[in-house]
Amino acid sequence: MVRDANGVTLAWLYCRDDAQRYSFGVSKLSSDEARRIGTAIARIPEFLMPRQGFYPRGGGPRLRPDRPYHVALEDRYIREHWDEIYALCKLNSLPFNATGEVIKNDGVWRVYEFTWQMDAILFWDRFQGRWLRGTEFHYPERPENLPMLKPLEHWPKSNPRNLR
């Protein structure tokens, strides 16, 4: 599998090393050929650059080097929309992990961490989060060609009158 600097999957390369043993495996790539093709794809300059304006968090009290991208959501928003957030992330295979970190900056914000920059950008965009750079909120511009998450089908729209 080949991914770009933003964590987007670019290509899947299938191979088979025992192709000589079977007649149906003749047209398959060997693992060495697949690795060379994957390396060539990954070296394309456009795929080496992370998206402008979106940076890893850097330092922080709960920073994990293997999950460098952090997005904060307002606590009130999370409480009101938790079922939708959970269902939408599960549907789109968007792995979000709470760090347990709380930021008090014009309200209470909860921090979520991501391994892949693209997952963090999609989460940030869909749920009106705040991108974290260090311990400060960062406001990058939304990328023009950002894909949309798959919508939830038959999701009930919340009605404030039903909360009584």
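Values below: every heavy atom of this structure, side chains too, minus hydrogens, waters and symmetry copies. Because the structure is predicted, anything quoted here is derived from the model rather than measured. Along the sequence shown, the residues carry numbers beginning at 1.
Side chain of Trp131 to backbone of Tyr55: a donor-acceptor contact under 3.5 angstrom is found. Formation of a donor-acceptor pair under 3.5 Å by the Glu33 side chain with backbone atoms of Ser30 is found in this model. Of the possible polar contacts, one joining the Asn92 side chain to the Lys150 backbone as a donor-acceptor pair under 3.5 Å is found.
Tyr86 meets the ring-ring contact (aromatic ring centres under 6.0 Å, His included) test with no other residue; sequence neighbours excluded. When the side-chain contact (heavy atoms from CB on, under 4.5 Å) test is applied to Leu146, the partners found at least two apart in sequence or on another chain are Met118, Ile121, Leu122, Asp125, Arg142, Pro143.
Taking 4.5 Å as the limit, some side-chain heavy atom of Glu84 sits within range of a side-chain heavy atom of Arg126. Proximity of Pro95 to Thr115: side-chain heavy atoms (C-beta onward) are nowhere separated by under 4.5 Å.
Residues Trp12 and Met1 approach most closely at CZ2-SD, 3.5 Å, considering heavy atoms. The heavy-atom pair separating Ala34 from Cys15 by the smallest distance is CB-CB, 3.9 Å. Of all non-hydrogen atoms in Gly129 and Leu73, the two that sit nearest each other are CA-CD2, 3.4 Å.
Between Phe114 and Phe123, the ring planes are tilted. Angles from 30° to 60° get that label.
Chaining together hydrophobic side chains whose heavy atoms lie under 4.5 Å apart places Val111 alongside Ile103, Trp109, Leu132, Phe137, Tyr139.
Applying side chain to side chain contact (heavy atoms under 4.5 Å, CB included) to Leu88 and the options Leu94, Leu152, Asp83 leaves one that passes, Leu152. Partner of Phe96 under the ring-ring contact (aromatic ring centres under 6.0 Å, His included) criterion, out of Tyr112, Phe127, Trp124, Tyr69: Tyr112 alone.
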Q.
Run the side-chain contact (heavy atoms from CB on, under 4.5 Å) test on Thr99 and His70 for me, step by step, so that the C-alpha distance in whole Å, both residues' side-chain angles and the decisive distance to 0.1 Å come before the verdict.
A. CA-CA 9 Å; Thr99 63; His70 293 85; 3.9 Å; yes
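Ion pairing between Arg79 and Glu74 fails under the 4.0 Å rule for side-chain N and carboxylate O. Classification of Glu101 and Arg57 as a salt-bridged pair holds, one side-chain N sitting under 4.0 Å from a carboxylate O.
Both tests pass for Arg3 against the ring of Trp116: distance under 6.0 Å to the centre and angle within 45° of the axis.
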